[in-house]
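A note on names: the letters A, B, ... follow the listed sequences, proteins ahead of strands, and every chain is numbered from 1. Atoms considered below: every heavy atom in the structure, side chains included; atoms not considered: hydrogens, waters and symmetry mates.
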Amino acid sequence: MTRGLPALFGLARAAAPRVVVCGVAWDGGNGVAPGARGAPAALRLHAAGDGALERALRGSLAPLRGAVADAGDVEPVPGEPRAWMDRRIEEVCGAAWGAGAGVLLLGGDHSVTHAAVRRAGEDGPVALLWLDAHTDTAEGPALTHKTVARALLGLPGVTALVQAGFRGYTLDDELGRPLAGRTVVTAADVRRHGPRAVAGFLPRGTRLYVSVDIDVLDPSVAPGTATPVPGGLTLDEVLALLRHAADGRRLIGCDLVEVNPGRDSGARTLQAGCVLLREAMLLLAASGGPRAEVNAPARGAGARPRAGEGAPDGVLRDAAEAWILEPAGAERPPG
Amino acid sequence: MSAPDRLVLSPRVNVESAGADGVVVFHTDTASRLRLTPALYEVLRRFEHPATVDEAAGGSASPGLARSIEALRAKGYLLAEGEGVGPAPERRLATTSHTLFQCPRGRPGGPPARVTVVGVPSDLGVRGWPGSRAAPEEIRKRSYDFTYRCAAHSGEPMGWFDVAARRRVCQGVSFADWGDVWLRYGEPLRALHERTREVCADIARAGSFPLLVGGDQTLAWGAVAALAEREPLCVLWLDAHTDYDHTPAGAAVNNGGVARAVHALPGVARMVQAGHRGYTANDKVVSHERLEIVTGPELARRGPAAVVGALPPGHPVYVSLDINLLDPVYAPAATNPAPGGMTLDALKELLAAVGESRRVVGMDLSEVNPSRDVGSITAITACHVLLAALGAFLPSPTPGHANGRHAATLE
């Protein structure tokens, strides 16, 4: 293991893994608040900790023993251009997908997602679920954590981008600059319509990559991030989004980015991060493996679709840009 | 100035910076700055002891040098010998290093903006934890994520995009930040409250909307005193506590009794309080004819209508908002946090309902205590609350009549 760090959740050596874990200690895509480079190490150490939660998470992953390989961290060499690091990410992802395994990336700032998705698009169509307080679609010449989503939309193979959790106040974006192929669901709309409806905007039966910016969570759950925004989602809502997205799609990759341990308070961001990583690992393992095609229905109560619920699958894929519309008539609790 | 008069350097002049491109001198009475050439600065230095212009110039002064010295004399950098300086003038405002939302700075008597921002960096009216004195600066710093911008072609303020409401707020609404109310440590607290009142009176005279950022909530006294003098108004007090203690005779108002003091001001027709909750030792205030208290649980049950219905339709409204109205989940760094508070969504809904049906003429936000914050979340939340409130209270001017710089008047 890199630098003597423990493997994530103690799951390291698998000859034919269903999940490959890889850290990317890079925060050069964030020009304002460095620190996300420390997240892979901090998450690994926290996941190896003696807390009741961490022990329980490891215990629940016991069935994955022998099914996970930890590739260690991609550690960019100071002074090297980011292309060097991006190549390493593509190598790790390419090898994993070639063997039918899923990839779990630990960022790093959000720009690390680019290399993984580019590699995924080379293998065929892939849909993206983007959980984030921001849309990361700024215009700019450089690949940064603010421009990465816009860059991804132009990549071959990327068929859909569903962004959920957007909120707050912004300067001059978003509605005025439609982006083909993108669907935006605000945090308020996630709360209003529920995670299942959001997942319904992803095409079914497709390969799926999920990128989780930890700032999709409310700052009370995850304060340790570069740009926290009040009014975020709960941990339960994000977990449900992951499960519903993986349901009926082949989850090939997932990343957790923008954890900034230096800005954490009482390790609560690392805790939330570990809970998300555990869920992602289980979903990837269920999707992965040499013969995996499309994921089986998600486990657990409430995961089975009910008739008439959720948005029609992929209905807005071809729209210029779509926002989930409010249902007619404001809904106030009675009384 | 006749030639043989002797001049002397004013004791109120400091050097702020010096470099190859000149020397910046600063006058502490007027807060003015001048950039001098090194040569002129050398001449100025020779007035440390009384000297005539020719003496300081080391010979007959050129007409250009004489004009420069006359200008320094006119601006008070040089004094006639024996003229002396009076007591430092009373200052009402201090310049801050940041402005709210990075909006332009303004000053009393300058071109009026629709919203005038003033910080009140005092927590001397707090009986509990101090620390909110740092909030105006911290909130201003955090507000740089929400930059105030004007369109290049029209100069019209662009406002902000409210993601949840999916619309622009404050479009065409101009902002100016006057800095902080001057705080002289050691003076009686009453003097600060009085100064806050004078500054707010200036803002109101300019037809601008005062937005005060505390500090502690005693800032509301000055704002309401200034505004209620102009027209009778109602005060909407948003707070986890009623702040309705009696102030001991002769004492300055503190943040436990400021609502009672505000309520007692002439011109305050009615006070509506919302958000009161928790357990109190002796806070047994009940609603009466001029005071309506909508508790937090009642507000959650009945929604914004409970508050709006209690505000008489005819009166303008002043809104005083203690950040502890919000649940500590959203605002952990309140001076006096209380569990069971409002969600950010519910607060936005309440502000929208008030702005929709009542004319709001001023507001304050107070009691953020940055020293107790977690990753600046409370300060960031405060920025969101300000944008939500201003978006609700100040509808964008009608297109065609929008004029960023001069869309100033309230009525």
Side-chain angles (χ1 to χ4, degrees), chain A residues 32-33 35 132-135 146 163-177 184-192 214-215 217-232 234 260-266 268-269 323-326 330-335, chain B residues 101-102 142-151 158-171 298 300-306 326-333 343-349 352-353 372-388 390-391:
Chain A
V32 179
D132 199 326
H134 311 88
T135 58
K146 291 169 78 172
Q163 301 194 304
F166 184 40
R167 61 187 185 268
Y169 295 87
T170 65
L171 291 174
D172 57 345
D173 68 282
E174 307 298 338
L175 276 183
R177 299 181 185 178
V184 178
V185 187
T186 65
D189 277 342
V190 175
R191 283 191 280 273
R192 197 173 289 132
I214 196 84
D215 72 19
L217 290 169
D218 191 80
S220 57
V221 185
T225 187
T227 48
V229 184
T234 66
N260 191 326
R263 297 182 163 217
D264 205 358
S265 171
R268 65 178 103 162
T269 312
W323 292 54
I324 289 192
L325 301 174
E326 286 187 54
E331 67 298 343
R332 276 199 63 71
Chain B
F101 305 128
Q102 224 173 334
R142 292 295 145 197
S143 77
Y144 275 38
D145 277 350
F146 312 87
T147 313
Y148 171 87
R149 280 199 211 145
C150 297
M158 293 160 68
W160 295 267
F161 181 69
D162 178 343
V163 170
R166 243 166 277 150
R167 67 182 179 92
R168 230 160 234 293
V169 294
C170 293
Q171 195 167 12
E298 201 181 337
R301 207 166 45 243
R302 293 177 53 204
L326 287 172
D327 193 85
V329 160
Y330 300 93
T343 67
L344 192 57
D345 285 352
L347 174 57
K348 287 179 72 170
E349 212 178 301
R372 311 174 107 191
D373 212 350
V374 180
S376 297
I377 287 162
T378 312
I380 296 170
T381 299
C383 294
H384 283 240
V385 170
L386 289 178
L387 288 174
L390 295 171

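Without hydrogens or angle criteria, B/R372 side chain to B/P332 main chain gives no donor-acceptor distance under 3.5 Å.
Taken from OG1 in A/T225 to CG in A/L217, the straight-line distance is 9.5 Å, to the nearest 0.5 Å.
With chain A as the partner, the residue from B/T147, B/T343, B/L344, B/V169 showing the most heavy-atom pairs under 4.5 Å is B/T147. For the set A/S265, A/S220, A/G224, the count of heavy-atom pairs under 4.5 angstrom toward chain B peaks at A/S220. Listed options A/P219, A/G231, A/P228, A/G168 were ranked by heavy-atom pairs under 4.5 angstrom with chain B; first place goes to A/G168.
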> Passes side chain to side chain contact (heavy atoms under 4.5 Å, CB included), B/V163 versus A/T170? Steps please.
Replying inline: CA-CA 7 Å; B/V163 170; A/T170 65; 4.2 Å; yes
> Can you list the steps and then say if A/V184 with A/Q163 is a side chain to side chain contact (heavy atoms under 4.5 Å, CB included)?
Replying inline: CA-CA 5 Å; A/V184 178; A/Q163 301 194 304; 4.1 Å; yes
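Within the 4.5 angstrom heavy-atom criterion, only side-chain atoms of B/D345, from C-beta onward, approach chain A. In this structure, no portion of B/A305 lies under 4.5 Å from any heavy atom of chain A. Residue contact with chain B, scored on non-hydrogen atoms closer than 4.5 Å, involves the side chain of A/D218 exclusively. For B/Y330, the part lying near chain A is the side chain, with the backbone staying farther off; criterion is any non-hydrogen pair under 4.5 Å.
Under a 4.0 Å N-O distance rule, the pair A/D189/B/R166 qualifies as a salt bridge.
Atom NZ of B/K348 has more than 12 heavy atoms from other residues, nucleotides or ligands within 6.0 Å.
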